[in-house]
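Since the structure comes first, as structure tokens, the remarks are kept for the end.
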Amino acid sequence: MKHLVHLLLLVLCIQAEAQSPWKPDAELEKQLKESNYVHRIMKANPEHAGLTRWYKKKVLKSRELPLAEDFTALRHTGPGSIHIDRQVTISGKGSIRLDTPASLGKKNPTNRNYATPEIIRPLNRENLQEYNRFSVWVYVDAPGVYLTFAGFTLYNEGEKVMPTPGRFEGQHFETVYPNQWQHIVWEMPDLYRDCVTGFSVNIMLAGAPAGADEKMSFYIDDMRIEKVEAENSRGFDLRKNAIAYSHSGYKLDARKQALVQNVKQDTFYLCDAATGQTVYQGTGIPQHKDKKQDKGFLLLDFSDFNTPGQYTISIGDIHSKPFPIGNSAYLSTAWHTLNFFFSERCGFDQPGIHQECHQDVFMYHPDGRSISVSGGWHDAADLTQGTGNTAESGIALLEMAGTVQGKDSIFYERLLEEARWGLNWILRTRFGDGYRLGGLIIGIWTQNIRGDKDDMQAEARNTPTDNLKSASYCALAVPHFEKKDPVFARWCRNSAIEDFQFAIDLLDTQRTGNNEAELYALATVTAMRLYRLTQDSYYLDWAARLARTVMDCQQLDRRTDWKIPLRGFFYESTRKKRILAYYHQSQEHLMVEGLSMLLTDSPTHADAPLWQNACEAYADYLRDIARTIAPYEVLPSAIYEVNNTDYSNLYHEGDQVGLPSLEEYNAQVRNGIPLSKDFYLRRFPVAYQFRGFHAVVMGKAKAAFILARLLDDRQLKDIATRQLEYILGYNPFAMSTVYGDGYDYPPLYGAYAGNVVGAVPVGIETFENDDEPYFPMQNNCTYKEIWTHTTARLMWCIAELFK
């Protein structure tokens with residue numbers, strides 16, 4: 001009877017919510033109105049930022065590193081000159097002023113910044129282990145520029161050299177906005193500082209955009225090393241006096257849980273955020289039955305509470321911030337991610353970030369024709385452009401639009417508007433014969449004048465991957481535009497059909513032992529999107545044919561020789577030499593997405609039992625590995641084999657210093673969960689220079705959402721949702737990792753875009769060869785770098801929750 005009453009109440013709540021439009025909370029409503037529904041960039045609420053809390057920390061010990069008083073000891077490298085400035089100072093003792101050009105006479109051949117002039121405060125090989133925070137004030141005078149990017153470096157020559165040669169550890173970067181003093185704090189409890197030879201401050205010379213001054217001045221003052229109670233930055237232990245929960249809230253029919261650690265009480269309360277009145281009371285569930293392994297985690301489960309509203313959780317003296325339950329859950333995050341794409345527009349006058357840009361960047365066809373690549377979205381914290389990320393971003397926008405169509409007309413139209421911005425770029429940067437822009441690193445602002453020093457160019461290429469992603473994007477767009485703009489819809493339709501054929505004609509020529517599963521899965525998904533668009537059996541036949549190759553890459557039988565008898569995972573190719581694993585980007589959803597589409601659209605096909613079996617096998621894989629990382633239940637990354645890796649396609653930024661070794665690979669593998677003598681399940685990917693794993697988490701989450709819908713499996717939906725919750729607050733750091741969304745979010749490596757609401761970083765990483773979460777305060781690529789790849793994946797996973 002009790003369960004029947006709960007079910008009836010749930011049905012009534014869902015019906016009541018369905019009859020009313022999604023209602024933004026007061027803060028989101030304010031952001032939407034102030035931004036004119038994301039036609040101006042949104043502003044974050046600084047009260048919710050982690051940096052605001054960090055500034056308030058009690059300084060337990062402090063030591064000044066004199067600057068103006070010790071001017072002759074300072075070292076300066078790179079362009080420009082340094083001086084003592086007695087007028088612009090926050091300490092009253094005078095600051096150090098760096099006068100530098102904004103660019104140099106010749107562009108960097110890598111298209112990265114021109115230079116990074118640096119001011120170094122030397123130290124005499126000091127052991128500074130008792131200090132764990134660096135503090136300095138900076139000020140920039142750069143007329144005509146909205147923002148700049150400054151770097152801070154720890155130099156150590158002891159047990160480990162800092163910064164780590166060929167890697168990114170040991171440096172911190174932050175966006176610096178002109179004409180205001182800015183306090184930089186950088187906690188470094190995990191960095192080696194047993195023999196410190198100095199700290200430095202630098203600024204990136206990114207060029208002067210049109211209308212900007214060619215000269216700039218950079219001031220530093222009041223440099224200190226300090227001791228504070230450091231943030232937890234490594235491991236699974238939860239931040240002290242914090243609750244891990246979904247800052248974006250919980251849908252009515254969702255599992256609703258939070259996590260605490262080392263609390264004295266076990267009774268928790270759910271309270272109305274407006275009145276403070278208790279609406280639900282529960283008892284926390286200990287998360288380990290073995291007392292020897294008990295880490296003091298307590299699970300707070302309020303899944304059976306389903307009254308829409310804004311709430312807080314309390315247990316003892318620990319309190320959460322407000323979060324929604326109901327249809328408005330994840331609505332703020334969805335709008336914020338849309339704001340990120342709007343902020344990343346290239347070739348657009350974006351007040352607060354940049355002027356109209358990169359009209360002098362061109363790509364060239366082998367026959368000599370050229371097209372400007374200005375437009376679309378910048379790829380990340382830099383200004384790079386590429387078809388793959390643009391198409392995937394647009395697909396995410398269209399998937400989100402499809403879920404709100406007929407339910408929220410304002411959000412729907414704004415999503416289509418942004419999706420069209422990317423579509424126009426995809427359509428405009430194709431030559432119509434298979435050649436288009438693949439990708440181009442862009443790391444500076446240009447003057448938009450052809451023939452000067454900052455021009456850049458790329459060679460167009462004809463690759464199946466680019467054409468398949470573009471065909472998918474255009475095919476998804478057609479139904480949304482057919483009535484409102486049939487001319488544009490026709491352009492999208494024709495391009496999708498042509499680009500698919502260009503890709504299929506060259507598909508086998510691009511197949512390798514490393515990419516076969518992913519390439520054929522992408523082709524399967526794209527063929528199905530063309531089939532859904534045209535209803536032409538030609539595309540269904542292609543999808544079925546391609547799917548056979550995808551399934552030949554799968555492990556269908558359980559590995560009974562392993563401690564956990566897993567099945568359902570994929571290998572890189574039909575040769576099954578190496579299990580498929582991702583560490584930076586991820587396309588892991590594609591394998592089951594195509595198979596699921598085939599089953600949905602052609603359930604009586606002769607191959608349908610094979611598709612069903614493949615989908616059920618991968619679902620088993622997800623269910624089995626979901627239980628291995630307690631108490632957060634983030635899905636492990638992949639299965640690795642000792643001595644089985646391939647560095648031939650590994651991208652490494654900069655010189656060859658810091659390249660990985662087989663010894664390093666094996667050390668990381670063996671820190672995983674042992675399955676046998678040679679096979680290990682890594683909680684987090686084996687990674688080297690490029691670290692940060694949100695894409696890997698969300699690739700599996702997307703697959704879990706797809707299979708949950710296909711198989712009508714609530715457990716899979718809970719597994720998928722938990723991966724989003726991990727990114728949005730249900731993590732050891734008890735922070736939303738998305739800038740300006742939720743609470744306690746950190747500054748991110750925004751570089752040329754700055755602090756952008758809705759930006760999703762590359763993600764939580766690992767320290768050296770460890771296999772546990774690491775998310776330090778230091779702000780560096782790639783883990784803290786903002787990225788369209790991860791932001792798109794967050795948006796398309798959230799779209800699943802709105803379906």
## Note on the structure
With Q778 as partner, the option from F168, F152, Y783 fulfilling side chain to side chain contact (heavy atoms under 4.5 Å, CB included) is Y783
### Query
Are D624 and R627 ion-paired here, with the side-chain N under 4.0 Å from a carboxylate O?
yes
### Message
Between K469 and E392 (salt bridge meaning N to carboxylate O under 4.0 Å), is one present in this structure?
### Response
yes
So [X] and [Y], would you call those rings parallel, tilted or perpendicular, with 30° and 60° as cut-offs?
X	Y	answer
F733	F775	tilted
F149	Y749	perpendicular
F690	H584	perpendicular

### For the student: nearest non-hydrogen atoms of N467 and A503, plus distance
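So the two residues come closest at CB-CB, 4.0 Å.
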#### Entry: Residue pair D770 / R682: nearest heavy atoms and the distance that separates them
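Closest pair (atom of D770, atom of R682, distance): O-NH2, 3.1 Å.
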Decide whether [X] and [Y] meet the rule of one side-chain donor and one side-chain acceptor closer than 3.5 Å.
X	Y	answer
W377	E418	yes
S472	T526	yes
R683	T628	no
S233	D190	yes
N108	N113	no
Y651	E653	yes
E169	Y192	no
Q587	Y582	no
S648	D646	yes

### Query
Going through the distances and angles, do E800 and K702 end up as a salt bridge (Lys or Arg N to Asp or Glu O under 4.0 Å)?
CA-CA 8 Å; E800 293 287 344; K702 176 71 169 177; 3.2 Å; yes
### Message
Assess the residue pair F340 and V760 against the criterion (side-chain contact (heavy atoms from CB on, under 4.5 Å)); give the C-alpha distance rounded to whole Å, side-chain angles, the decisive distance to 0.1 Å, and a yes or no.
### Response
CA-CA 9 Å; F340 169 78; V760 182; over 6 Å; no
Donor-acceptor contact below 3.5 Å, side chain [X] vs main chain [Y]:
X	Y	value
Q723	E633	yes
Q554	C615	no
N232	P732	yes
R436	I426	yes
N389	G386	no
K700	S637	yes
T574	C553	no
Y730	R722	no
E187	E231	yes
T429	V373	no

Value rounded to 0.5 Å, distance of [atom1] in [X] from [atom2] in [Y]:
X	Y	atom1	atom2	value
C474	R430	SG	CZ	7.5 Å
R529	E593	CZ	CD	5.0 Å
L398	M400	CG	CE	12.0 Å
Y520	N515	OH	CG	9.0 Å
I727	I764	CD1	CD1	8.0 Å

### Task
Using a 4.5 Å cut-off on heavy atoms from C-beta on, say whether the side chain of Y640 contacts that of Q668.
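Heavy-atom side-chain distance check fails, nothing below 4.5 Å.
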### Query
Checking side chain to side chain donor-acceptor pair (under 3.5 Å) for the pair E516/T549: CA distance, chi angles, key distance, verdict?
CA-CA 8 Å; E516 188 176 27; T549 299; 5.2 Å; no
